[in-house]
Amino acid sequence: MARADLQITRRQFLKAGAATGAGGAAAASGLGGTQAFAATSEDAWYRQGEIETTFNVCDMCPWHCGIIVHTVDGEVRKIDGNPNDPKARGQLCPRGQGGVSFMNDPDRLQAPMVRTGERGEGKFQEVSWEQALDLIAQELNKIKERSGPEALAVFGHNAGDWWWADHFAQAWGTPNAAKPSSALCVSPREEAAELTFGFPIGGYEPVDWANLETVVLIGTHIGEDARNTKMQDLAELHGRGGQIIVVDPRFSSAATKADHWLPIKPGTDTALLLAWMHVFIEEDIYNHRFIENWTTGFEQLAEHVADKTPEWAAEITDLSAEQIRESARAMADTAPQTVIVPGRHVSWYGNDTQRMRAVYMLNVVMGAYGCEGCLHFNEQPYLDDYSLPPYQVEGAAGGCAADPDDDDDGELLGELADGPTGKTRADGVQERFLRGPVALQELIEPMISGEPYRIEGLICYATNLLHSVPKTERTIEALKELELFVAIDVLPMEHIAYADIVLPEATYLERYDDLYALAHKTPYIALREPAVEPMYDTRPGWWIAKELGERVGLEQYFPWDDIEEYLNTRLRSVGSDLDDLRSRGGIIVQEGRPFFEDFEGESPFTTPSGKVELYCDRLAEHGQDPVPEFEPVEEPPEGFFRLLYGRHPVHTFAKTQNTPELADLYPENELWINVDAARDLGFADGDRVVLENQDGVTDGPIKLKATQRIRRDAVYMVHGFGHANPKLSQAYTKGASDNRLQSSYALDPICGAAGLRVNFVRLESEA
Ligand SMILES: Nc1nc2c(c(=O)[nH]1)N[C@H]1C(S)=C(S)[C@@H](COP(=O)(O)OP(=O)(O)OC[C@H]3O[C@@H](n4cnc5c(=O)[nH]c(N)nc54)[C@H](O)[C@@H]3O)O[C@H]1N2
Ligand SMILES: Nc1nc2c(c(=O)[nH]1)N[C@H]1C(S)=C(S)[C@@H](COP(=O)(O)OP(=O)(O)OC[C@H]3O[C@@H](n4cnc5c(=O)[nH]c(N)nc54)[C@H](O)[C@@H]3O)O[C@H]1N2
Ligand code: SF4
Ligand SMILES: [Mo]
């Protein structure tokens, strides 16, 4: 539309607003009062009919910002960040804006399907929901009779996963439920926090950004990691002149804003953290009061780091001793308003729980806990569960989702949940680890080997099996061995081709879900309600779970008539209901206890000693280092680079590459390589190469980004590309897949997390 048209329209709009009495309010919001116009197809969307507003929680990534959805004539036209939501604060990231395009993706799964061809062939026949659910129920019951409920594994991720990986799995009685957001993401930081402070970090990193003076980002690449809130926080800190310290082998977006960039040799962060603690203690710039009041084991720590000098760490990390000392002093200058942010995707090298303990210990050495501008305490919102009979097996599947059970995750081994036939997680995949919820990638092997017992069935809800789980070939082999594989998804991802039965879910804009109740500085409850009817023959996950539950004898776990009754029942425990929640703007915010002063002299720490445990007896008892040690990781073989990966601001994992509006913005990933290293190999910026890893697995071609922004020993790509299903019309063959090249991983002995950065690639010209 030409500029002049815009002006005229605006003037007419204001005049009409005044004439209808809608006046200033309508003009100010740019909405409302629109009925005064006869709509034409050229009118802006907000003049084409009455605008309906619904409240929702964005599901374009697992961060789950609160959103307001505007619909005209049964079509979603615009999504805004909910100003009442503590995460959105009225804003959205580009992926959140992409939600409309995600919902309208013509490649979506549209009807339930039963496999007619071989596994992997992708041949299906459409069936009715009745037929699909009856068939699944029949096969599930067979598995239960033959081998017990543990022979079913349930995977789940994203906002609807509670119905499956938590509720359905526990009601059915399998301890083999898992989420990719734990052992492939946050579990090292959660387990390290539990061992050090007595409680996990939880879904929301408790950093009091508003009063922070210095932020230290280790890996954590806010900027590429486009979580709305974190982008706002970092921009705000930078805008008011706060100090930024970034440790990353790559000159990340955050590094471009940093006062100190430490281009560390990959896999050596624990050495840096120990040396930083050495400087704090040797130069006596640590927080004596905090150490005396709130910690145990400081003497052992001081002794442990006495010889971990900056010179010692310089050799290991490839940083200069001077830079290590200077950055430590810069942190001390603003401490305790200096925080090393607990990263989110922290499963890197297999020794990650120890690295995360070192991160927490340095925060504590600075005294950066429990006061303004420090780490704070999160509180779970008060909200009753729907009253149900006891589960067949207790123990949530973990992950970074914000379900209230998160606090129960990760018991010490031996306290793990029993299945009804007495088989436990300890009898299964988890026995090698000291703590943590079940590691998803460890449930794949029993599908093939039958050890320690065979997993025969899999329900896979919103988990991208062939993009999110390392050892793709092994996963494919396992899927072929299953007696029953049910996939509940919205898109024809590669794993769908192996499913016996495919159930198409309605997207988040088309469905209700359980309430989103987040442990936070200001604990809160948020609503997801449908903006439009489900498209095609799709159904909400809650409905599918209830229908299936009723068919397999679990009706007592699904006693609600419908989802509104379920939600109203829960909301009544906080004096609310759906109408009230809507009238409050979709969010109920409660009061938290973020600082020490809120605990009135009681210790907020829930370790056995009631203090922060710098020296950890529980680790020592289990033969693990009670204070973190630096352990070297394997070096790249001659001619190979370490394969690093991360996020792109307009994409989420492997799920948005096919979303038309987001694919437009960044259609294919690139391989970052140091410009000198590329030249030595005879490659230049823009060349297309094929990658081969240490096990001979190849992927690509992928375009080179030759740059000085990365060290010589590593290459980097954005995760989630290289889709192989032609039914994904936008994403098919675009770029390369990090996951396929991760044919190896390093297991964390404490929590069972899979370190993915132990893979190496070499480059070959495209044939
Ligand atoms: N746009 C977008 N944002 C997202 C997501 C998304 O899919 N898309 N996903 C969300 C989720 S669930 C998660 S878990 C987070 C993940 O985001 P983060 O927690 O920030 O992810 P990391 O993998 O820790 O960080 C990747 C960075 O680590 C650097 N790195 C690699 N190896 C090393 C090393 O040995 N040492 C150090 N110090 N740095 C290293 C890489 O160069 C890269 O810059 O992002 C969240 N935000
Ligand atoms: N190689 C590699 N692996 C990784 C990572 C990595 O960076 N590289 N990152 C790790 C991290 S940090 C995380 S948190 C995990 C993320 O792991 P996933 O959550 O598995 O990642 P996505 O690719 O987002 O896959 C989401 C799946 O849900 C489907 N889906 C989307 N919306 C809906 C919906 O509304 N309903 C249903 N039923 N399905 C839906 C998508 O089509 C897709 O199949 O991956 C981990 N694994
Ligand atoms: S960070 Fe972006 S994609 Fe993630 S929930 Fe928020 S708006 Fe949605
Ligand atoms: Mo994650």
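We're numbering straight along the sequence, starting at 1. Every number for a ligand or one of its atoms is a count from 1 in the order of the listing.
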Indicate yes or no: does an N/O atom of [X] lie under 3.5 Å from an N/O atom of ligand 1?
X: I264; result: no
X: R344; result: yes
X: G267; result: yes
X: T652; result: no

With heavy-atom distances below 4.0 Å as the criterion, list the atoms of ligand 1 near [X].
X: Y349; result: 32 (N), 33 (C), 34 (C), 35 (O)
X: H651; result: 1 (N), 2 (C), 6 (C), 7 (O), 8 (N)
X: P266; result: 35 (O)

Give the single entry among [options] that approaches [atom] most closely by any heavy atom.
atom: atom 25 (O) of ligand 1; options: H221, R227, R355; value: H221
atom: atom 11 (C) of ligand 1; options: Y716, W672, W63, F653; value: F653
atom: atom 44 (O) of ligand 1; options: I222, I218, D248; value: D248
atom: atom 32 (N) of ligand 2; options: T538, V469, V490; value: V490
atom: atom 10 (C) of ligand 2; options: L741, V186, L184, V346; value: L184
atom: atom 41 (C) of ligand 2; options: I544, D225, D489; value: D489
atom: atom 16 (C) of ligand 2; options: Q742, R647, M60, H157; value: H157

So, regarding [X] and ligand 2 (criterion: nitrogen or oxygen to nitrogen or oxygen, under 3.5 Å), is there a contact or not?
X: S468; value: yes
X: H345; value: no
X: I488; value: yes
X: T507; value: no
X: M493; value: no

Open item on the list: One thing to verify: whether D318 and R711 come together as a salt bridge, which I'm taking to mean a side-chain N less than 4.0 angstrom from a carboxylate O.
Closed with: yes
- [ ] Answer yes or no: is there an ion pair linking R355 with D269, defined by an N-O contact shorter than 4.0 Å?
- [x] no
Open item on the list: Under the salt bridge (Lys or Arg N to Asp or Glu O under 4.0 Å) definition, can you give me all pairs with a residue in residues 490-508, not counting sequence neighbours?
Closed with: R115-D500, R119-D500, E505-R511
- [ ] Would you confirm whether K734, through its side chain, and Q730, through its main-chain N or O, come within 3.5 Å as a donor-acceptor pair?
- [x] yes
- [ ] Look only at the side chain of R227 and the backbone of I222, and say whether a donor-acceptor pair between them is shorter than 3.5 Å.
- [x] no
Between [X] and [Y], is the gap from one ring center to the other below 6.0 Å?
X: Y461; Y: W162; result: no
X: F721; Y: Y645; result: no
X: H467; Y: H723; result: yes
X: F168; Y: W163; result: no
X: H648; Y: Y666; result: yes

Task: Structural part of N158 in contact with ligand 2, heavy atom criterion under 4.0 angstrom - done: side chain
- [ ] Kindly check if the number of other-residue, nucleotide or ligand heavy atoms within 6.0 Å of CD (Q110) is above 12?
- [x] yes
Open item on the list: Among residues at least two apart in sequence or on other chains, which ones pass ring pair (Phe, Tyr, Trp, His ring centres under 6.0 Å) with Y360?
Closed with: F197
